[in-house]
**Q** 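Please see the structure below; I have some questions.
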Amino acid sequence: MADGKVKVGIIGSQFQADIHAASFEIMPHEAEVLAIASPTAGHAAALAKRFGIPRVFTDYREMLKERDIEMVTIAAPNSLHAQMTKDIAAAGKHIVCEKPLAMTIAEGEEMIAAAKRHGVLLMYGEELFFTPKYLKAKEMADSGAFGKVYLVKQSEKHFGPHSAWFWDVNRSGGGALMDLGCHGIAFCYWFLGRAPIKSVYCQMGTYVHGDKTKAEDDSLCILEFANGAIGVVENSWARRGGMDDRIEVFGEDGCTYANLHMGNALPTYSENGYGYAVEKAPTTKGWTYPVFEELWNYGTPQELTHFARCVRGKETPQATGQDGLVVLRAIYASYASAGEGRKVALPYLPPPGVKKPVDLWLNGASREQRAPH
Ligand SMILES: NC(=O)c1ccc[n+]([C@@H]2O[C@H](COP(=O)([O-])OP(=O)(O)OC[C@H]3O[C@@H](n4cnc5c(N)ncnc54)[C@H](O)[C@@H]3O)[C@@H](O)[C@H]2O)c1
């Protein structure tokens with residue numbers, strides 16, 4: 001097995017690719033980024049320059065020919081995850097795939113099979129498994145602080161994504177639930193020791209962004225787990241005021257609450273504004289809540305460092321393609337639930353030919369539940 005730093009290539013050059021590059025810069029001991037691949041040459045070159053990444057490609061397949069690259073991270077639109085994963089696996093390189101895993105369950109299964117066939121790791125970019133504040137909550141729960149946990153809630157909300165493709169259901173697969181609910185479902189599943197998900201009840205609507213997307217901009221999911229606990233996952237692209245991410249945990253003997261951003265923020269008032277407050281904050285004037293060490297508090301540097309250590313055989317992946325597939329199955333059941341206006345049991349098999357999760361809601365019998373504009 002090779003040693004030294006794991007040599008990384010990043011696919012994508014914008015929002016999450018920037019976070020990947022910055023994360024490797026924050027924790028440089030286990031990995032180094034050698035290349036970046038993105039069809040938008042200007043963006044790729046700019047990102048490479050900012051982080052001192054030596055090689056730039058406009059076609060990721062060319063980057064995959066670089067013999068020394070060992071691990072490739074995918075920070076590209078959801079609709080491309082499956083093909084990219086299969087290509088990376090065929091090139092014999094380990095994969096870090098951003099959430100959500102794929103557009104369809106069949107794609108997710110093919111990705112896992114491809115990684116297995118080529119003997120590479122398929123690691124899943126769910127940083128909530130590495131978020132320091134949420135890890136503390138889990139450590140307390142696992143040590144018995146709350147007795148038997150009966151309810152876990154996770155919520156992630158903001159006023160909508162930064163790039164056009166998220167709003168296009170053919171490239172994203174769905175709206176707030178697909179984009180943000182994948183975090184919440186993964187979180188509850190992980191927090192509850194990966195107990196199987198028994199059923200999902202989900203309600204969703206498009207309240208403020210009907211001019212931009214056919215997808216939901218707000219969703220609420222209730223998940224029943226086989227160990228008797230309940231997960232509640234709330235998501236929104238309609239919530240103003242920047243990113244909001246929080247959890248609540250309730251057990252027979254106690255509870256804990258964590259707000260990812262507020263607890264790390266400096267309550268601040270400024271007439272003039274300043275550089276940057278927090279992800280997706282619309283302004284830095286007036287009252288704002290700037291965070292510090294934002295990426296560290298999200299957990300992405302720790303996540304990617306862990307994945308690099310897995311490539312070297314020093315650790316075992318804590319977030320895998322299999323986790324992503326469990327989440328994707330629950331996402332499909334959630335859209336079906338919202339579409340049918342009823343609780344849906346898992347395992348749920350979508351009807352043949354469904355190309356993306358949101359179709360189960362868009363074509364569902366209870367479509368009239370969607371908010372009028
Ligand atoms: N874990 C998280 O919290 C988190 C946060 C944001 C985004 N994401 C995920 O990361 C992925 C990327 O999202 P983003 O916010 O960076 O989007 P973005 O629009 O900011 O960037 C997408 C990038 O993909 C590149 N791209 C498009 N087609 C490509 C192709 N054929 N080959 C190579 N690159 C291509 C674009 O050039 C661009 O650089 C999505 O799956 C998203 O869900 C995860």
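Keep in mind the model is a prediction, meaning the values are calculated, not measured. Just follow the structure's listing: the first ligand is 1, and inside any ligand the first atom is 1.
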**Q** Among Phe159, Phe166, Trp237, which residue satisfies the ring-ring contact (aromatic ring centres under 6.0 Å, His included) criterion with His209?
**A**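 The ring-ring contact (aromatic ring centres under 6.0 Å, His included) with His209 is passed solely by Phe159 among Phe159, Phe166, Trp237.
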**Q** Starting from atom 43 (O) of ligand 1, what is the nearest protein heavy atom, named by residue and atom, and what distance separates them?
**A**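 Nearest protein contact, heavy atoms only, for atom 43 (O) of ligand 1 is Lys99 O, 2.8 Å.
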**Q** Hey, does Phe166 sit under 4.0 Å from ligand 1 if you only count heavy atoms?
**A** yes
**Q** Can you report which non-hydrogen protein atom sits closest to atom 22 (C) of ligand 1, along with the distance?
**A** Ala75 O, 3.8 Å
**Q** Judging by distance only, is a nitrogen or oxygen of Arg171 under 3.5 angstrom from one on ligand 1?
**A**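 So ligand 1 has no N or O lying under 3.5 Å from an N or O of Arg171.
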**Q** Quick one: are Lys93 and Glu70 in side-chain contact, heavy atoms under 4.5 Å?
**A**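 Side chain of Lys93 against side chain of Glu70, heavy atoms only: no contact under 4.5 Å found.
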**Q** Among Val33, Ile10, Asp18, which one satisfies side chain to side chain contact (heavy atoms under 4.5 Å, CB included) with Phe51?
**A** Asp18
**Q** What do we get for Glu98 next to ligand 1 when only non-hydrogen atoms under 4.0 Å count, side chain, backbone, both or neither?
**A** side chain
**Q** Answer whether the closest heavy-atom distance between the side chains of Lys153 and Leu151 falls below 4.5 Å.
**A**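 Yes. Closest side-chain heavy atoms under 4.5 Å.
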**Q** Look at the side-chain heavy atoms of Ile, Leu, Val, Met, Phe, Trp and Tyr, link any pair under 4.5 Å apart, and say whether Tyr332 and Leu180 land in one connected group.
**A**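 The answer is no; the residues belong to distinct hydrophobic clusters.
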**Q** Determine the interplanar angle of the His261 and Tyr298 rings, folded into 0 to 90°, and report it as parallel if under 30°, tilted if 30 to 60°, perpendicular if over 60°.
**A**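 His261 and Tyr298: perpendicular rings.
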**Q** Could you find the nearest protein heavy atom to atom 28 (N) of ligand 1 and give me its residue, atom name and distance?
**A** Leu80 CD1, 3.3 Å
**Q** Taking both backbone and side-chain atoms of Ala76, is any N or O found less than 3.5 Å from an N or O belonging to ligand 1?
**A** yes
**Q** In the protein, which heavy atom is nearest to atom 5 (C) of ligand 1, and how far is it?
**A** Gln16 OE1, 3.0 Å
**Q** Can you tell me if Glu127 has a non-hydrogen atom under 4.0 Å from ligand 1?
**A**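 Glu127: in contact with ligand 1 (<4.0 Å).
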**Q** For atom 20 (O) of ligand 1, what is the nearest protein heavy atom, given as residue, atom name and distance?
**A**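 Going atom by atom, the protein heavy atom closest to atom 20 (O) of ligand 1 ends up being Phe15 N, 3.0 Å.
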**Q** Give the numbers and elements of all ligand 1 atoms closer than 4.0 Å to a heavy atom of Ser13.
**A**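 So the answer, numbered in order with elements, is 38 (C), 39 (O).
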**Q** Would you find a donor on one side and an acceptor on the other, under 3.5 Å apart, between the side chain of Asp217 and the backbone of Tyr207?
**A**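 It does hold such a pair.
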**Q** Take atom NE2 in His118; do more than 12 heavy atoms of anything else shown fall under 6.0 Å from it?
**A** yes
**Q** So Leu121 and Ile95, do their side chains get closer than 4.5 Å, heavy atoms only?
**A**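 Of all side-chain heavy-atom pairs linking Leu121 with Ile95, none is under 4.5 Å.
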**Q** Around atom 13 (O) of ligand 1, find the nearest protein heavy atom and jot down its residue, atom name and distance.
**A**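 Minimum-distance protein heavy atom for atom 13 (O) of ligand 1 reads Trp165 CZ2, 3.5 Å.
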**Q** Going by heavy atoms in the side chains, are Leu223 and Ile230 under 4.5 Å from each other?
**A**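 A side-chain contact under 4.5 Å is absent here.
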**Q** Return the orientation label for the Phe250 and Tyr257 ring planes: parallel under 30°, perpendicular over 60°, tilted otherwise.
**A**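 Phe250 and Tyr257: perpendicular rings.
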**Q** Any idea which atoms of ligand 1 are less than 4.0 Å away from a heavy-atom of Ile11?
**A**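 Contacts of ligand 1 toward Ile11, numbered from 1: 33 (C), 34 (N).
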**Q** Would you mind finding which of Ala41, Gly12, Pro77 brings a heavy atom closest to atom 27 (C) of ligand 1?
**A** Pro77
**Q** Could you tell me the residue and atom name of the protein heavy atom closest to atom 38 (C) of ligand 1, and the distance to it rounded to 0.1 Å?
**A**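 Minimum-distance protein heavy atom for atom 38 (C) of ligand 1 reads Gln14 NE2, 3.4 Å.
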**Q** Which residue and non-hydrogen atom of the protein lie closest to atom 34 (N) of ligand 1, and at what distance in Å?
**A**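 The protein heavy atom lying closest is Pro39 CD, 3.2 Å.
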**Q** Enter the distance from Lys214:NZ to Ser172:OG here, rounded to the nearest 0.5 Å.
**A** 10.5 Å
**Q** Which atoms of ligand 1 have any heavy atom of Thr40 under 4.0 Å away?
**A**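 Result: 37 (O).
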**Q** Please identify which atoms of ligand 1 are closer than 4.0 Å to at least one heavy atom of His183.
**A**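 Result: 1 (N), 2 (C), 3 (O).
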**Q** Given Cys182, Gly42, Pro161, Ser163, which one has a non-hydrogen atom that is nearest to atom 18 (P) of ligand 1?
**A** Ser163
**Q** For Met84, state whether at least one heavy atom is located under 4.0 Å from any atom of ligand 1.
**A** yes
